[in-house]
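The first residue of the sequence shown is numbered 1, and numbering continues consecutively from there.
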Amino acid sequence: MPVPMPDDRPEAPYLELLARGAPAEAYERPVLRARADKAPADRLAALERAKLLALRVRGELEGRRRREAELSALYETAHDLAGLRDLDAVLQAIVQRARSLLGTEVAYLTLNDPTAGDTYMRVTDGSVSARFQQLRLGMGEGLGGLVAQTARPYVTESYFHDPRFQHTHTIDAGVRDEGLVAILGVPLVLGSGVIGVLFAADRRARVFEREQTALLGSFAAHAAVAIDTAHLLAETRTALAELEAANEIIRDRSRVIERASEVHDRLTELVLRGGGVHDVADAVAEVLSGSVEFLEVEAAPAAAVDRSRADGHAVRDGEEDWVAAVSAGGELLGALVLRGHPRLDPMDQRTLERAAMVTSLLQLARRSAGEAEQRVRGELLDDLLDTPDREPRLLRERAARLRADLDTPHVVLAAGIEAPDTGTPATGPGSGPGGPPGSSPGATAGSRSGGTPATAPATAPGSAPAEDAEGRRRLWSAASHLAATRHGLAAARDGGTVLLLPLADGDTADALARRTARQLGTAVHAAVTVGASAPVPAPAARPGEVAAGYAEARRCLAALRVLGRAGQGAAAEDFGFLGLLLAGTREGAPDGNGVQDFVTRTVGAVIDYDERRGTELIRTLDAYFAGGMSPARTKDALHVHVNTVAQRLERVGRLLGPDWQSPARSLEIQLALRLHRLASAVGY
């Protein structure tokens, strides 16, 4: 039986808090309870250490969720920019996403007005004051003026008590009317100049973290791209109007305008149909009649890239090359290099720069899509089980990214959680008479992600469906953690969990199964039964053996439950002669025909009689031998009259012969009954 986790383990309460996503303040309660119980100092110290580790894990999980939300928002913003039609809608979306991700009460964006020599509110979100929404600030005034002057982000925890920037009556009145206290501002940089400021603000004192400043800076970069794109479109329209007034200018510039329009349309089409950075380079090369290449950061000419980033434009590199830096949010992603152009028309230069902007958006989109693909479809173990014909080289590469070595011996383990206080399986592998994957339509190898074989009961006695789902979720969480620490793989499958763990030198499959059952049972606070396969020498080289090993592991899991060993772990080697049945037809294992022949030869006549007549002679024999060959105990077990038992045993005697109760014959019959019951349970 598994060893349950003792209550005095210091990490136990914190694992439970992590599993149910408890708030941070809940992590103080175990320490407070221990102090109230006057626990010894070493116990309190252990609880404090466990608390700090648990809070660190919780913080890491919260950080990952936050980064995922940030990447998703940046991807959505990039998509908005790719199909830019309405500048106001794009800027409003950027401000709303910035406010949502930073968790502030207000977010707003100001733009510089070169004509009036001041700056004005362009977009606000969360603002309630009409005076604040109509503010116009002189250049250099307020926190926004400081950001615009220095082109650097600034943050204040308390606006009215911060002497670093110039306070004016107009600005202070608007801020006071809005009720703002803490303000973060980042510049909207276009080229080498600041065109505006993006703000996030709260109506209470608050400290903005460095990551939040960087995130707001990324949104500011997107806003600058949107504004620049709108300006480019406006410049194009102005140029067209001027060309209409002068035929000579029309002849000189028509080719350039057509090229710019073609590039814009082609780049838009590429983005919408999911094209890549090399597609963008090919499209620009065709339009500009030159050779365009996208270079990674390490391969790009460093000096030219630095000048392009500083100027915000494409720059000449040598006699005939032009370089446009590809960057986003201050991060350098590579460069577009145009070759074979001693001189470049300004409009063509802007075309190259716009292509670099589109390339940066595509690079960010590709990165986000790659992470999503890895989260959603990166289940290497499912692929090993479902598609064993995968290329071994690809399997090794994917495994290496997970720090797993599929060229060493591994063991496939099928784990199922038992229903509380009943010793019965909640659901999952081996919980019903259905066979292993591939043995029946109800238990195919594709029934992944917690699916229950069709032949298994939907709910075990004594456990509600919601409890079953929660138990499977806890089992999957514990198995995933165990696989990560052991450099193995784990997947939710057939209502339970399957693991592929490396087998250390000197270890055995049976010992690994018992150890895994104890570890998982301790983690989920419930009995966990684990069946193991024989070692798979090299899963990457012979992926088909992983599915066969899974089938064998499920048969062992079912056998443990049938034999009353739920909550334990075992491999076929642990069952003695029963291992002949459980090992199945894997390479090097007996085919099992001798076992079936023995069952048929010994009690086949009784089995056939039950199938033809619908009687219960086999069940009666089981109860008869279990009751020490006592008719009285047999009738109590079956809840029938003793005469019914006598009649059934008389029928058995006619089918098996008069000596069926002799010591030798009765031993063979009991063995055959157990093999018959076990073969039915594991789907042999």
Side-chain angles (χ1 to χ4, degrees), residues 78 81-82 84 189-193 221 224-225 228-229 231-233 235-236 239 243 249 251-367 370:
L81 293 179
L84 178 64
V189 179
L190 193 61
S192 57
V225 170
D228 186 48
T229 302
H231 290 167
L232 290 175
L233 293 174
E235 291 172 8
T236 302
L243 288 171
I249 297 177
R251 285 193 298 269
D252 292 341
R253 306 299 295 177
S254 62
R255 178 180 56 84
V256 175
I257 297 300
E258 289 173 1
R259 250 198 333 258
S261 178
E262 180 183 356
V263 167
H264 179 77
D265 292 339
R266 293 190 62 175
L267 294 182
T268 301
E269 180 184 0
L270 282 174
V271 171
L272 293 177
R273 63 181 175 84
V277 294
H278 296 291
D279 296 324
V280 172
D282 292 341
V284 176
E286 184 178 343
V287 172
L288 298 183
S289 301
S291 172
V292 179
E293 182 181 9
F294 172 75
L295 298 179
E296 300 290 346
V297 175
E298 57 274 9
V305 170
D306 290 341
R307 285 190 289 118
S308 176
R309 292 184 70 188
D311 295 343
H313 297 289
V315 298
R316 185 192 297 274
D317 181 38
E319 296 296 326
E320 297 185 348
D321 293 349
W322 291 81
V323 175
V326 176
S327 61
E331 179 184 3
L332 182 62
L333 304 175
L336 281 183
V337 179
L338 172 64
R339 306 187 191 280
H341 272 268
R343 299 186 59 186
L344 193 63
D345 185 278
M347 188 63 71
D348 290 344
Q349 182 178 351
R350 184 61 61 88
T351 296
L352 183 61
E353 294 164 1
R354 182 179 300 177
M357 293 180 187
V358 173
T359 302
S360 69
L361 298 178
L362 290 177
Q363 286 289 85
L364 290 176
R366 186 184 68 173
R367 179 187 298 176

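The side chain to side chain contact (heavy atoms under 4.5 Å, CB included) test applied to A356 returns A324, V326, L336, not counting sequence neighbours. Contacts of R307 classified as side chain to side chain contact (heavy atoms under 4.5 Å, CB included), with partners at least two apart in sequence or in another chain: A304, V315. Legend: residues meeting side chain to side chain contact (heavy atoms under 4.5 Å, CB included) with A335, ordered by chain and number and at least two apart, are A300, V305, V323.
Atom CG in L352 sits 9.0 Å away from atom OG1 in T359 (nearest 0.5 Å). Atom CG of residue D228 and atom CZ of residue R354 lie 8.0 Å apart, to the nearest 0.5 angstrom.
Smallest separation of non-hydrogen atoms from S327 and R309: CB-NE, 4.5 Å. Taking every heavy atom of both residues into account, P301 and L295 meet most closely at CD-CD1, 4.1 Å.
In terms of modelled atom types and a separation under 3.5 Å, the side chain of E353 and the main chain of A314 share a donor-acceptor contact.
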